[in-house]
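Here is the structure we will look at.
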Amino acid sequence: MVDSTPWWREAVFYQIYPRSFADSDGDGVGDLAGIRAHLDDLVWLGIDALWLSPFYRSPMVDFGYDVSDYCDVDPLFGTLEDFDSLIADAHAAGLKVIVDWVPNHTSDRHPWFVDAVSGPDSAHRSWYVWRDATPDGSPPNNWVAAFDLSAPAWTLDERSGQWYLHLFEEGQPDLDWDEGGVVSAMHDVLRFWLDRGVDGFRADVIHCIGKDPALPDDPPEVAGIPHSALNDVPVTHQRLRDIRSLVDAYPGDRVVVGEVYLLSTEAVATYYGDGDELHLAFNFPPLYARWEAEAWRQCIDATVGALDPRGAWPTWVLSNHDNPRHRTRYDRTAARLGEDAGTTAVRSEARARAAAVLLMTLRGTPFVYQGEELGLLDAAIPPGRAVDPGGRDGCRAPLPWDGSSDHGWPVAGGAGPWLPFPPDAESRNYAALRRDPASILHLYRRLLSLRRDEPALRHGRFELLDTPAGVLGYARTVGARRCEVLVNFTAEAVALDHHSTGLPSPAGAGMTVSLSSDGRDQGAAFGGTLGADQAVVLRH
Ligand code: GLC
């Protein structure tokens, strides 16, 4: 029988933020050749697919999410030939590669916008969203831009007296997808990269490519929220169907993973359409969830409730380049609970380990953000070194590859990379953790190998178990194969009885600990008690 399951339903994705992954030329900024040099490490880890954040030509106002040429590599990151070599080597190593596609806005230095701003009669004027000045000089509506919540999503072009729309920075004017030229140009961008062999796209703020043509004010009760988190209009769905047809016409199950940054899981689910829009959409509520069993249970219920009826496949993500890393977030939870700093450091790694078990065993496609496999915390950024308009530098710190003074980033003159390293890089670095079989890096590797090995984890049915407060438990089953995952979110050991595991016999009898987040009892019969902050995967 031919397996018709598309690869992206079972793959584990790894997000690379190229600036901070690995630097091949000593300029302090990571690059494509740096990624290529570390493919073996990702294969060793057991990753299936890479998502590369933008490496296109850009003035870097938003570090590459402001694109000035969609079909070229910024010299900082290398050349198109470097890209071709990277993708060839990745494919040879069995890795898929998806790239970021930023269709909602360009850079203000993109030739289209440079032309558009040259005058109201220019060929590309209508490719962007312009509105006349209002009598009182205020912006055309009350939309708020992302990052600086006091800033309107509009900038006045003094020359023409008209305003242009930008849901993000002033240097990121929104394209007008009502304009046929924009649609065909952005479709051409997709074809350009598909023809070069990419396995798909991560589509940036994809829910924003359709806008209400009347551009009405946001309701006053949500008027402080960036409009990009509110924009949800029907026309976008037709645009996604067209994108889906274009991508699906290529062989090899290419995939579009959408960033639909809306606040409700129900709303996000609609962007899967009837299996004819996005293949996958990021599921962000777990990324914002507190480290509490009940919070996670609610996220899971909401995900299953919204996606299952549509036959839509979930995704799971703990961290990315836009938010504090999860270990940092769980540290903050601890600080709220009044733990001392030493306890917190130990516990936040234990929580990050338990979270990794969730990420890899829930039903859906997991996305790992570079460095979480090292248990990295956000870097502390001294005020003089902050560079991101959205305050996201901490989670974008360079990966420490080794314990040397430059951590594998040998910059001429000892200047160091573009951002400071994360805390404890002398001991918490790739080389040190790879040498230590008890490290979180090895836990990730064991988890990925278990997933690869166990069909119940990749595509088994999902069922929540009845567990005591503070513990989340679920079963994954396919045919006669059954795995149970138990996660203790509390600082105390918890004993489970046979009611809590749903088994007919007392607590986990006959089940073996295939994997535990702290390495304890692996391979032994499950004793019926979970340690503090411990997660286990049990099998018969
Ligand atoms: C997405 C990206 C973010 C970027 C924004 C504007 O949210 O993840 O990094 O700043 O879009 O492109």
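Everything numeric here is computed off the predicted structure, so don't read it as measured data. Just follow the structure's listing: the first ligand is 1, and inside any ligand the first atom is 1.
- A salt bridge links Glu10 to Arg458: one of the charged nitrogens lies within less than 4.0 Å of a carboxylate oxygen.
- A cation-pi arrangement, defined by a distance under 6.0 Å to the six-membered ring centre and an angle within 45 degrees of its axis, is present between Arg9 and Trp313.
- Sorted by first then second residue, the salt bridge (charged side-chain N to carboxylate O under 4.0 Å, His left out) pairs that include residues 354-372, not counting sequence neighbours, are Asp308-Arg363.
- Protein residues lining ligand 1, listed by chain and number: Asp62, Tyr65, His105, Phe147, Phe168, Gln172, Arg202, Asp204, Val205, Glu259, His321, Asp322, Arg392, Arg396 [non-hydrogen atoms, distance under 4.0 Å].
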Table please: side-chain donor-acceptor pairs of residues 214-225 below 3.5 Å, with sequence neighbours left out.
{"from": "Asp217", "atom 1": "OD1", "to": "Asn142", "atom 2": "N", "distance (Å)": "2.9"}
{"from": "Asp218", "atom 1": "OD1", "to": "His227", "atom 2": "ND1", "distance (Å)": "3.0"}
{"from": "Asp218", "atom 1": "OD2", "to": "His227", "atom 2": "ND1", "distance (Å)": "2.8"}

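- Salt-bridge formation is detected for the pair Asp174/Lys211: a Lys NZ or Arg NE/NH1/NH2 atom is positioned less than 4.0 Å from an Asp or Glu carboxylate oxygen.
- Taking the salt bridge (Lys or Arg N to Asp or Glu O under 4.0 Å) definition, one finds that Arg385 meets it with nothing, sequence neighbours left out.
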